[in-house]
Amino acid sequence: MFKEYRTIREVVGPLVLVEGVAGVTYNELVEIEQASGEVRNGKVLEVNGDKALVQLFESSRGLRIDDAKARFLGRGIELAVSMDMLGRVFDGLGRPKDGGPELIPEKRMDINGEPLNPAARDYPSEFIQTGVSAIDGLNTLVRGQKLPVFSGAGLPHAQLATQIARQARVLGTDTPFAVVFAAVGITFEEAEYFISDFRRTGAIDRAVLFMNLANDPAVERIATPRMALTAAEYLAYEKNMHVLVILTDITNYADALREVSAARKEVPGRRGYPGYLYTDLATMYERAGRVIGKAGSITQIPILSMPEDDKTHPIPDLTGYITEGQIILSRELYRKGIEPPIDVLPSLSRLKDKGIGQGKTREDHAPTMNQLFAAYSRGKDAKELAVILGDAALTDVDKKYAAFADAFEREYVSQGYETNRSIEDTLKLGWKLLRILPRTELKRIRDGMLDAYLPEEQQA
């Protein structure tokens with residue numbers, strides 16, 4: 001039974017105050033109907049006694065409150081779900097925008113979901129191959145993990161996102177794999193790029209796309225990631241699929257949250273963001289994972305562009321506390337023409353050790369990964385020393401490390417956005433690069449493994 005009130009008292013930006021209400025709940029859907037019959041949608045943001053603060057999903061411009069009525073629908077925002085979602089493109093509120101028919105839903109799900117009981121979580125342990133060497137070889141993604149990409153303005157995180165969406169798969173299983181892709185606050189050109197790339201490569205057949213454009217209401221941006229995660233939960237836990245969720249750009253989401261918080265006249269926190277930003281981000285990120293007794297899973301890659309490339313900015317800072325690592329894109333590598341410009345040294349996957357090794361990737365994965373990290377780090381140090389003191393100050397071994405660092409960036413990290421490398425290709429390339437160094441320098445790999453994988457001419 002709907003409740004209707006003609007007691008709208010105030011409109012401030014996207015917020016509408018309704019007085020004299022009863023039985024209204026937080027997040028409940030609201031329709032504001034004018035005398036002309038025009039309807040605008042919103043949700044309850046706050047209830048205080050008999051007053052309800054309603055947040056509109058569209059502009060309040062032209063809204064006449066003297067003859068308008070507020071209709072409370074008794075339910076929250078829901079997403080209509082079915083297997084027919086795969087291959088479709090929706091807007092930020094789950095409405096089809098690809099010209100296709102409306103979905104015939106199998107059910108409707110509340111987009112806010114329910115938090116996973118930590119005791120019901122299964123530990124992430126299966127390797128996901130993205131086809132990107134800098135991730136697979138050195139910062140491995142594991143099924144059920146949350147691994148964000150920290151980017152900057154103008155860096156090619158969109159190309160990396162579509163590459164991962166195209167290429168990602170779980171090795172050694174026949175369980176179907178799906179990608180849920182949510183773009184938040186992007187331009188029309190970016191939306192066209194994402195949609196056309198998915199269609200060009202055929203990846204759209206296993207994908208669900210949610211597109212929220214920059215000229216859409218800010219309030220819609222807050223719902224878009226939750227729409228995507230709700231679709232992912234349906235596919236993962238009810239249809240037993242492995243689901244990879246890619247959310248870009250979380251910075252636009254947080255800015256929308258700040259805009260609504262300012263309209264509510266809340267006390268701002270760091271950089272003007274609301275004090276509950278950490279909690280709000282956690283309600284999204286923590287919807288990833290594996291559940292004991294369920295074959296499906298949700299793996300999450302949030303992408304965020306750091307304002308002024310500042311890792312201490314509240315959005316990347318808080319994201320780093322919640323998630324299990326980060327992939328960092330480097331402006332320096334981008335200027336060198338490295339594609340994708342992944343800076344492997346500050347990047348980190350905290351669960352990488354759980355998804356690699358014998359039976360998952362290969363027995364030599366962990367030691368070669370450690371050796372590549374160490375050699376690249378020393379090679380960069382040698383190059384910096386050469387800039388200060390000149391090449392003559394380097395020892396012969398240091399010169400080989402410097403050569404290794406150059407080759408590592410050029411051949412291992414840089415692979416373009418169309419190359420899909422298997423984990424075997426990545427490991428083989430790692431061994432090829434390690435041949436630049438003397439065997440005596442490969443101290444992180446056991447002799448037996450060196451004998452098995454190094455060529456005979458270098459074993460002397």
Side-chain angles (χ1 to χ4, degrees), residues 14 26-32 39-45 54-59 71 73-114 165 178-186 188 190-192 194-195 198-199 204-239 241 243-250 252-253 256-257 260 280 283-284 287-288 298 300 302:
Y26 173 70
N27 264 342
E28 185 174 340
L29 277 180
V30 185
E31 292 179 349
I32 307 292
V39 176
R40 305 192 193 194
N41 298 296
K43 69 173 184 177
V44 176
L45 203 60
V54 175
Q55 177 179 337
L56 292 176
F57 293 141
E58 49 230 298
S59 171
R71 184 182 303 117
L73 305 185
R75 58 180 173 82
I77 306 175
E78 295 175 335
L79 175 67
V81 294
S82 80
M83 288 299 288
D84 293 333
M85 291 190 303
L86 292 170
R88 298 294 304 275
V89 182
F90 301 91
D91 69 7
L93 289 176
R95 298 169 297 214
K97 66 174 299 178
D98 55 4
E102 291 284 338
L103 282 184
I104 300 175
E106 182 180 315
K107 62 186 296 188
R108 292 182 180 276
M109 297 175 65
D110 189 322
I111 67 164
N112 293 298
E114 295 183 4
V179 174
V180 177
F181 188 95
V184 182
I186 61 172
F188 180 78
E190 287 175 307
E192 282 298 302
F194 287 131
I195 294 169
F198 273 82
R199 286 180 174 152
I204 198 166
D205 294 338
R206 64 168 188 172
V208 185
L209 276 64
F210 293 87
M211 295 286 159
N212 167 257
L213 300 180
N215 62 344
D216 290 331
V219 175
E220 188 177 306
R221 287 197 247 305
I222 298 172
T224 303
R226 292 177 170 82
M227 288 281 175
L229 289 163
T230 302
E233 287 168 351
Y234 166 76
L235 295 172
Y237 304 135
E238 299 194 22
K239 299 303 177 183
M241 301 180 77
V243 184
L244 175 64
V245 180
I246 299 177
L247 307 173
T248 180
D249 183 336
I250 295 297
N252 293 337
Y253 168 84
L257 206 64
V260 173
D280 193 274
T283 61
M284 294 195 307
R287 289 171 74 173
I298 297 176
Q300 201 177 112

Notebook entry, point to check: Among all residues two or more places apart in sequence or in another chain, which pass the salt bridge (Lys or Arg N to Asp or Glu O under 4.0 Å) test with Asp216?
Noted result: none

Margin query: I'd like to check the side-chain hydrogen bond (donor to acceptor under 3.5 Å, both in side chains) partners of Arg71; sequence neighbours left out, ordered by chain and number.
Written below: Glu4, Glu31, Glu33

Note to self: Among residues at least two apart in sequence or on other chains, which ones pass side-chain hydrogen bond (donor to acceptor under 3.5 Å, both in side chains) with Asp98?
What the structure shows: Arg88

Check: What residues form a salt bridge (Lys or Arg N to Asp or Glu O under 4.0 Å) with Glu58, not counting sequence neighbours?
Finding: none

Next item on the list: Sequence neighbours left out, what passes side chain to side chain contact (heavy atoms under 4.5 Å, CB included) with Ala207? Give chain and number order.
Entry: Val179, Phe198, Leu209

Note to self: I'd like to check the salt bridge (Lys or Arg N to Asp or Glu O under 4.0 Å) partners of Lys239; sequence neighbours left out, ordered by chain and number.
What the structure shows: Glu106

Check: What residues, two or more places apart in sequence or in another chain, satisfy side chain to side chain contact (heavy atoms under 4.5 Å, CB included) together with Glu78?
Finding: Arg75, Arg108

Note to self: Just to verify, what does Arg206 make a salt bridge (Lys or Arg N to Asp or Glu O under 4.0 Å) with, not counting sequence neighbours?
What the structure shows: none

Check: Pairs in or reaching into residues 222-235: which pass salt bridge (charged side-chain N to carboxylate O under 4.0 Å, His left out), with residues at least two apart or in two chains?
Finding: Arg226-Asp280, Glu233-Arg287

Item checked: Which residues share a ring pair (Phe, Tyr, Trp, His ring centres under 6.0 Å) with Phe210, sequence neighbours left out -> Phe90

Note to self: Just to verify, what does Glu192 make a side-chain hydrogen bond (donor to acceptor under 3.5 Å, both in side chains) with, not counting sequence neighbours?
What the structure shows: none

Notebook entry, point to check: For Glu220, which residues count as a side-chain hydrogen bond (donor to acceptor under 3.5 Å, both in side chains) partner, sequence neighbours excluded?
Noted result: Asn212

